[in-house]
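Here the structure is laid out as structure tokens; the discussion comes afterwards.
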Amino acid sequence: MRPVALTVAGSDSGGGAGVQADLKTFEACGAFGTSAVTAVTAQNTRGVTASDVLDPQTVCAQVDAVTGDFDVAAAKTGMLGDAAVVDAVADALADAAFPVVVDPVVVAESGDRLLTADGLDAVRDDLLPEATLATPNVPEAELLAGVDVETEADLRTAAEAVRDLGPDAVLLTGGHLDGDPVDVFAGETTGAFTHERVDTADTHGSGCTLSAAIAARLAHGDDLAAAVERGVDAVAAAIDSDLSLGAGAGPVDHRRVAGVARGPDATYADTGDAVAAVRDVVATLETEWPPTLVPEVGTNVAVAPADATDPADVVAVDGRLHATTRGVRAAGGAEPGASSHVARFLLGVRAHDPAVAAAANVRWAEDRADALADRWDAVTVDRTNEPAEADGTMDWTAARAMAGRDSAPDAVLDPGAVGKEAMVRVLAADADALTEKLRTAASLERDADVV
């Protein structure tokens with residue numbers, strides 16, 4: 001079961017910050033995201049053109065709906081808009097049995113105000129005392145604690161000043177100061193995180209992404225110090241991207257937080273975890289998948305433990321899955337070394353993007369490939385001129401699929417060549433994400449979008 005994380009924040013129609021950024025980050029970090037929307041903004045990379053704060057009762061009703069049905073393991077807050085919403089959220093989370101990360105959002109990346117003056121007072125007086133962690137940036141810390149921050153020493157003083165307002169700990173981000181960014185952590189222990197500054201203006205949503213990544217790691221059961229460290233590294237990776245969307249300060253790349261925020265041993269620490277993951281995917285395919293999705297050579301599901309470097313390390317289905325009169329059936333169990341083709345492809349992609357841990361192959365149909373390309377980030381690889389010495393290793397295909405990319409696509413479309421069956425190869429951060437993608441392929445089949 002994936003842990004459930006809750007975001008209580010405003011909506012960003014541009015998708016780079018707010019609830020949208022939080023849900024993307026939760027998913028990338030392996031948590032199931034839920035939400036309570038506090039405000040609706042008309043927003044893009046250039047600014048906020050309209051904002052409507054929701055009624056506090058509506059906000060609380062959303063929180064109650066989520067916490068009354070889901071076993072929430074961590075929550076975070078973002079844009080709250082005004083004092084009435086802040087007070088309502090503080091009351092709703094006051095007795096929470098899970099950690100709460102408070103991102104005290106005051107202004108958008110564009111400089112547009114997202115919290116009233118009374119709302120800021122309510123955050124200071126009512127919400128921060130309920131927080132496990134507060135994650136202000138420099139301007140927010142200055143407003144909350146009434147201090148001036150110009151140096152790294154000031155960062156440490158300001159972090160302690162914000163902590164005096166009631167949160168268990170504070171992570172004060174220093175990206176607004178000159179030089180390489182320094183983030184200061186003040187809790188039971190203190191410390192600082194330094195990253196080389198990336199030469200980019202595309203940092204929209206970085207604060208939301210940071211707090212969401214930390215909340216996701218807390219939901220996974222990390223202690224606070226470990227969750228903060230992974231969150232800081234994750235948002236640094238998200239900023240260091242060539243995504244470059246919009247005409248203003250573009251959004252960070254939420255996909256890049258996946259491997260960093262999970263940590264090197266967070267997804268499949270050993271072979272036993274990977275075996276269980278493959279079995280879960282197989283159980284879904286045997287129950288839900290139409291046989292028409294199985295290639296002539298069969299389908300395999302491959303999951304790589306953290307330290308996998310060779311196909312012998314990768315867990316897959318012994319004998320693959322095949323189309324039968326009884327539906328899709330696995331020929332054997334989940335075993336390390338049971339795949340050459342899909343395992344080598346997975347390892348080849350993983351060499352470029354270590355966040356990828358799972359892969360499977362799906363039967364080719366031109367309509368199916370077109371439909372998936374419309375829904376996913378897909379790359380087409382032409383194997384017509386594949387060197388003879390590369391045949392069967394899949395290293396060449398993986399390298400072509402990752403050319404010019406930092407993160408793996410959702411799928412690699414391979415129209416085939418002489419002696420090589422056409423194929424759709426699906427990639428995912430983990431087995432759960434792979435299952436959902438394979439369900440998408442099945443839904444297309446049921447809806448008769450493809451033949």
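If you read the sequence from its start, that first residue is 1, and numbering goes on from there. It should be emphasised that the depicted structure is a prediction, and the values quoted were computed from it without experimental measurement.
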Can a donor-acceptor pair be found, under 3.5 Å and without considering hydrogens, that links the side chain of [X] to the backbone of [Y]?
{"X": "Glu288", "Y": "Arg439", "answer": "no"}
{"X": "Glu140", "Y": "Asn137", "answer": "yes"}
{"X": "Thr209", "Y": "Gly205", "answer": "yes"}
{"X": "Thr45", "Y": "Ala247", "answer": "yes"}
{"X": "Ser35", "Y": "Thr7", "answer": "no"}
{"X": "Arg400", "Y": "Val381", "answer": "no"}
{"X": "Thr299", "Y": "Asn361", "answer": "yes"}
{"X": "Asp430", "Y": "Ala433", "answer": "yes"}
{"X": "Asn44", "Y": "Gly14", "answer": "no"}
{"X": "Glu27", "Y": "Gly33", "answer": "no"}

Could you check whether any side-chain heavy atom of [X] comes within less than 4.5 Å of a side-chain heavy atom of [Y], counting everything from C-beta outward?
{"X": "Leu133", "Y": "Leu224", "answer": "yes"}
{"X": "Asp148", "Y": "Asp154", "answer": "no"}
{"X": "Val105", "Y": "Leu115", "answer": "no"}
{"X": "Leu171", "Y": "Leu210", "answer": "yes"}
{"X": "Leu285", "Y": "Leu438", "answer": "yes"}
{"X": "Val424", "Y": "Val412", "answer": "no"}
{"X": "Leu321", "Y": "Trp289", "answer": "no"}
{"X": "Leu413", "Y": "Arg425", "answer": "no"}

Sort and list the pairs that fulfil side-chain hydrogen bond (donor to acceptor under 3.5 Å, both in side chains) and have at least one residue in residues 53-69, not counting sequence neighbours.
none
The complete set of side-chain hydrogen bond (donor to acceptor under 3.5 Å, both in side chains) pairs with one or both residues in residues 74-101, sequence neighbours excluded, reads Asp22-Lys76, Lys76-Ser211
With side-chain contact (heavy atoms from CB on, under 4.5 Å) as the test, would you mind laying out the steps for Phe185 and Thr190 before giving the verdict?
CA-CA 5 Å; Phe185 176 73; Thr190 60; 5.9 Å; no
First locate atom [atom1] of [X], then atom [atom2] of [Y], and finally report the distance between them rounded to the nearest 0.5 Å.
{"X": "Ile214", "Y": "Thr25", "atom1": "CD1", "atom2": "OG1", "answer": "11.0 Å"}
{"X": "Asp183", "Y": "Thr194", "atom1": "CG", "atom2": "OG1", "answer": "8.0 Å"}
{"X": "Leu80", "Y": "Leu120", "atom1": "CG", "atom2": "CG", "answer": "11.5 Å"}
{"X": "Ser407", "Y": "His254", "atom1": "OG", "atom2": "NE2", "answer": "13.0 Å"}
{"X": "Leu114", "Y": "Thr41", "atom1": "CG", "atom2": "OG1", "answer": "7.5 Å"}
{"X": "Glu436", "Y": "Thr284", "atom1": "CD", "atom2": "OG1", "answer": "8.5 Å"}

If you apply the rule side-chain contact (heavy atoms from CB on, under 4.5 Å), what do you find for Asp353 with Asp406, and how did you get there?
CA-CA 6 Å; Asp353 181 3; Asp406 294 319; over 6 Å; no
Please find the pair of heavy atoms, one from [X] and one from [Y], that lie closest to each other, and give the distance.
{"X": "His220", "Y": "Cys29", "value": "NE2-O, 2.8 Å"}
{"X": "Leu128", "Y": "Ala134", "value": "CD2-CB, 3.8 Å"}
{"X": "Glu196", "Y": "Pro181", "value": "C-CD, 4.2 Å"}
{"X": "Ala330", "Y": "Val317", "value": "CB-CG1, 3.9 Å"}
{"X": "Leu165", "Y": "Arg124", "value": "CD1-CG, 3.8 Å"}
{"X": "Pro409", "Y": "Leu427", "value": "O-CB, 3.6 Å"}

Looking only at the side chains, is there a donor atom on one of His195 and Asp240 sitting less than 3.5 Å from an acceptor on the other?
no
Is Asp71 atom CG crowded by more than 12 heavy atoms from other residues, nucleotides or ligands, each under 6.0 Å away?
no
Using 4.0 Å as the upper bound for N to carboxylate O, is an ion pair formed by Arg156 and Glu160?
no
Applying side-chain contact (heavy atoms from CB on, under 4.5 Å), run through Asp377 and Arg405 and close with a yes or a no.
CA-CA 12 Å; Asp377 174 16; Arg405 301 180 63 98; 2.4 Å; yes
Take Val19 and Asp12 through the side-chain contact (heavy atoms from CB on, under 4.5 Å) test and state the conclusion after the steps.
CA-CA 7 Å; Val19 165; Asp12 172 6; over 6 Å; no
